[in-house]
Structure formats: structure tokens, C-alpha cells
Chemist: 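Please see the structure below; I have some questions.
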Amino acid sequence: TGGAAFEGTLTSGFSAHAKLDNASGELHAICYEFPKGRYRVNYVVVGENGRIKRNRSIDLSTKTMLHECAITKNYVLVFDLSVTFSLYKLAKGYFPFSWNDSHQARIGLLKRTGSDDKIQWFHINSCYLFHVFNAFEDDEGRVIVDALRYQRLFDDDWNGPFTGEPPMLTRWSMDLTNGTVVENQKDDLPAEFPRVHPAFDGLKHRFGFCLGTGSMSQPDFGRIIKYDFATDSREVYELAEHEFGAEPIFIPAEKATSEDDGFLMAFVYDRSIDTSNVQILHAQQISNGPIATIMLPQRVPYGFHGNWIPA
């Protein structure tokens, strides 16, 4: 991030996936780093003015790979999962994180406000996730998170992340009163790079969008998927055989009348001409294919993903 990040107020590392609270304008992130070989985790909040508002240390000795987080109205979610730091792999010149059978995977809920640093932990089945759709608190006070779950990762393939067990849409429902959690795999279509309407981060969402990957041993990145969580249904747009997709980002329409009233924008690599384009789909009818295609002067690398902003 450099010394000038957030007007010079950031004193620790930052995260690949911070979450914006649209109501407060705050940016929330769970950040980890290894200063002088020590493992350190911080909960960082960036204020609406672009400066660090809070930087709270989290006592987490497991050395887990914290790639992602999520927020709800009252909590930030900490994903302490089954991929942890491996000094052995680092010494051998490989990616320095590895699957850890002995580590208990868990999801932690940390209150966003106040001075209580205690995390309420929920033990879950061994897994890892890079990306979540979203999290929210339901009408019964439970915390719900939808994500793309790997059952195993960075194990046989030391360079990863490709594995024989692809990521599947999974929902965890955490009951704060009795401390129980229910895990439910919602689909068997492998997918990655999930997104929701940006105004619904931390709030109850109905729709989600992601990229269908195919088998992780031979991924094809060949489809755009729309999920309707209210009806437990999906709609799929299949790319051409020579096309490889990327993260579909939802752009709300002006004067939108529903949560899915808007557009999806995705980079697509066209192998037949060795270059990339941007395809735009109507989010309410993705199976109809793109309504516009913007040709790009060069190829965009696989895995590239981020946000579009108004210009």
C-alpha cells in the first residue's frame, strides 16, 4: 500500500477485499501481515474522509491465510480456515501456505463498534474460501454468509489454487444465541468471483452473480451465473467455446426498480484472436447473452478482478 496510503494514516498492511458500508461510508477490512517474521492481524476501518478511523489488533495465533472478510450491520466476519502458513513450503520456494488437516476451521463474529474485542467463534467443516457473495443478519438475529467453498486447497498442488475439489456455493447460518451453525451447499456448479449489488453489502440480498469455472483440474471459466437466493434457482449464460470469462461485476441501472435491475460487466478472453473484450449483459436476462461488446487492444490476464467506478 505504501506510506501514503489513506493520507499516511495506515500503519499496518491492508487487505485484498475490504467491504464498504454504504450507510456509514466506512471501509472495513481484516488485514494480516508478517512484520519481522511475526504473524499479525488487524481489523482496520477507513472513515468516510479516507483516513484510518480504527485499527484494532486481533489475537489470532493460527497463522491462517486471511484473504477475505465480510460485514453485517453489527459484525465483521473473520474467516479462520484450513489453509495456514507453512515455513517448510516457504523454505522450499513454494507458495507459503498449505492445507492443514489439524486446524479447526471456524468463522468469527467481531462487533464492529464498542470496546469488546471478544470474538464469538463458530466451528465449521474443514474448508477454505477466497471470496464471499455477502453476509447479513436475518429477521431472527442469525448471521448468514454465502460464499464459494473449497473442500480442500493447496494440498496436492503446492502452487495452487487448482485442485480436484472445486468451489461450490455454500451458505452458513450462525445462531448467536445457542452458538450453533448450519452449513448448506446450495449448488453443485463450480464457480468463483462472486458479487452482489454493491448497495447490499452487509444487508440481506436476493441475487448474486459469479463466474462458472468448470473443473479445477481443467477450468474453462466458461459461464456467467446468476443466483436467486429467494427461489433457490439459477440462470446461466454459456460463453462461446473459445471464450474465457472473468469476474462479472453488477452495475445498477439509473432509477432501478429492483435489486437486479442493472448490468453485468465482465472481461472475456477470446482465444481465437488472442485478445480480450468487455461484455455487458442485462442482469435480468443474462441467458440472452451480451447486449454490447467492447473490444480491447490487448489481452487481460486471467484472474484480474476489481471494481468499476464512475468517470
Side-chain angles (χ1 to χ4, degrees), residues 6 14-31 43-50 53 67-77 79 112 129-138 143-148 167 169 171 186 191-212 224-230 234-235 237 245-268 278-286 290-292 294 300 303-311:
F6 304 113
F14 203 61
S15 170
H17 292 285
K19 303 299 180 184
L20 179 65
D21 183 331
N22 286 277
S24 67
E26 294 176 341
L27 193 65
H28 297 258
I30 299 294
C31 313
Y43 170 36
V44 176
V45 181
V46 183
E48 195 172 15
N49 62 358
K53 184 176 181 179
H67 184 74
E68 173 70 293
C69 71
I71 59 171
T72 68
K73 180 180 179 181
N74 295 296
Y75 299 95
V76 60
L77 279 66
F79 297 107
R112 287 173 43 175
L129 59 89
F130 285 110
H131 305 112
V132 303
F133 280 95
N134 193 26
F136 63 92
E137 297 166 40
D138 71 7
V143 171
I144 312 296
V145 58
D146 292 321
L148 293 164
L169 172 59
R171 169 169 286 190
K186 306 285 284 184
E192 253 295 359
F193 303 117
R195 300 294 291 242
V196 297
H197 188 307
F200 285 79
D201 277 342
L203 304 175
K204 186 175 182 179
H205 59 279
R206 175 173 178 176
F207 299 103
F209 309 91
C210 55
L211 176 69
I224 305 295
I225 305 169
K226 174 186 179 181
Y227 284 111
D228 185 335
F229 292 96
R234 72 181 186 217
E235 182 182 4
Y237 166 60
E247 178 183 45
I249 299 174
F250 180 81
I251 310 295
E254 292 185 351
K255 299 179 181 179
T257 58
S258 65
E259 181 184 332
D260 64 341
D261 187 1
F263 306 92
L264 295 180
M265 298 179 66
F267 289 107
V268 174
V278 175
Q279 295 191 12
I280 303 174
L281 296 84
H282 197 294
Q284 293 179 324
Q285 300 172 321
I286 71 165
I291 59 175
I294 304 169
V300 176
F304 179 84
H305 61 295
N307 291 317
W308 293 92
I309 60 175

Chemist: To the nearest 0.5 Å, what is the distance between CZ on R112 and CG on D21?
Modeler: 4.5 Å
Chemist: Under 4.5 Å between any side-chain heavy atoms of V268 and V278, yes or no?
Modeler: no
Chemist: Evaluate the side-chain proximity of V76 to Y43: yes if any heavy-atom separation is below 4.5 Å, no if none is.
Modeler: yes
Chemist: In terms of side-chain geometry, is the basic nitrogen of K255 or D261 positioned less than 4.0 Å from the acidic oxygen of its partner?
Modeler: no
Chemist: Using 0.5 Å steps for rounding, measure from the CD atom of E48 to the CG atom of L20.
Modeler: 9.5 Å
Chemist: Could you pull out all residues at least two apart from D138 that satisfy side-chain hydrogen bond (donor to acceptor under 3.5 Å, both in side chains)?
Modeler: R142
Chemist: Holding to ring-ring contact (aromatic ring centres under 6.0 Å, His included), I want the full list of residues that pass it with H282, two or more places apart in sequence or in another chain.
Modeler: F263
Chemist: Minimum heavy-atom separation for H131 and A147, please, with both atom names.
Modeler: O-CB, 3.7 Å
Chemist: Do E26 and V46 have side-chain heavy atoms sitting under 4.5 Å apart?
Modeler: no
Chemist: So, is the end of the K226 side chain (NZ or CZ) under 6.0 Å from the ring centre of F207 and within 45° of the ring's axis?
Modeler: yes
Chemist: Going by the rule ring-ring contact (aromatic ring centres under 6.0 Å, His included), which residues pair with F200 if we only count those two or more places apart in sequence or in a different chain?
Modeler: H197
Chemist: Excluding sequence neighbours, so at least two apart, what forms side-chain contact (heavy atoms from CB on, under 4.5 Å) with K19?
Modeler: E68, C69, I71, V132
Chemist: Below 4.5 Å, heavy atoms only, C-beta onward: do I286 and L264 meet side chain to side chain?
Modeler: yes
Chemist: Take V45 and L27, measure what side-chain contact (heavy atoms from CB on, under 4.5 Å) needs, and give me the verdict at the end.
Modeler: CA-CA 6 Å; V45 181; L27 193 65; over 6 Å; no
Chemist: Report the residues that fulfil ring-ring contact (aromatic ring centres under 6.0 Å, His included) with F133, sequence neighbours left out, ordered by chain and then residue number.
Modeler: F229
Chemist: Could you point out which residue of L203, V143, I144 forms a side chain to side chain contact (heavy atoms under 4.5 Å, CB included) with E137?
Modeler: V143
Chemist: Can you check whether F209 and F193 have ring centres sitting under 6.0 Å from each other?
Modeler: no
Chemist: Can you see whether D260 engages S258 through a side-chain donor-acceptor pair at a distance of less than 3.5 angstrom?
Modeler: yes
Chemist: Using side-chain heavy atoms (C-beta onward) and a distance below 4.5 Å, is R206 in contact with D228?
Modeler: yes
Chemist: If you define the side chain from C-beta out and look only at heavy atoms, does anything of I249 sit under 4.5 Å from H305?
Modeler: no
Chemist: Return the set of residues passing ring-ring contact (aromatic ring centres under 6.0 Å, His included) with F79 (not counting sequence neighbours), or none when no residue passes.
Modeler: none
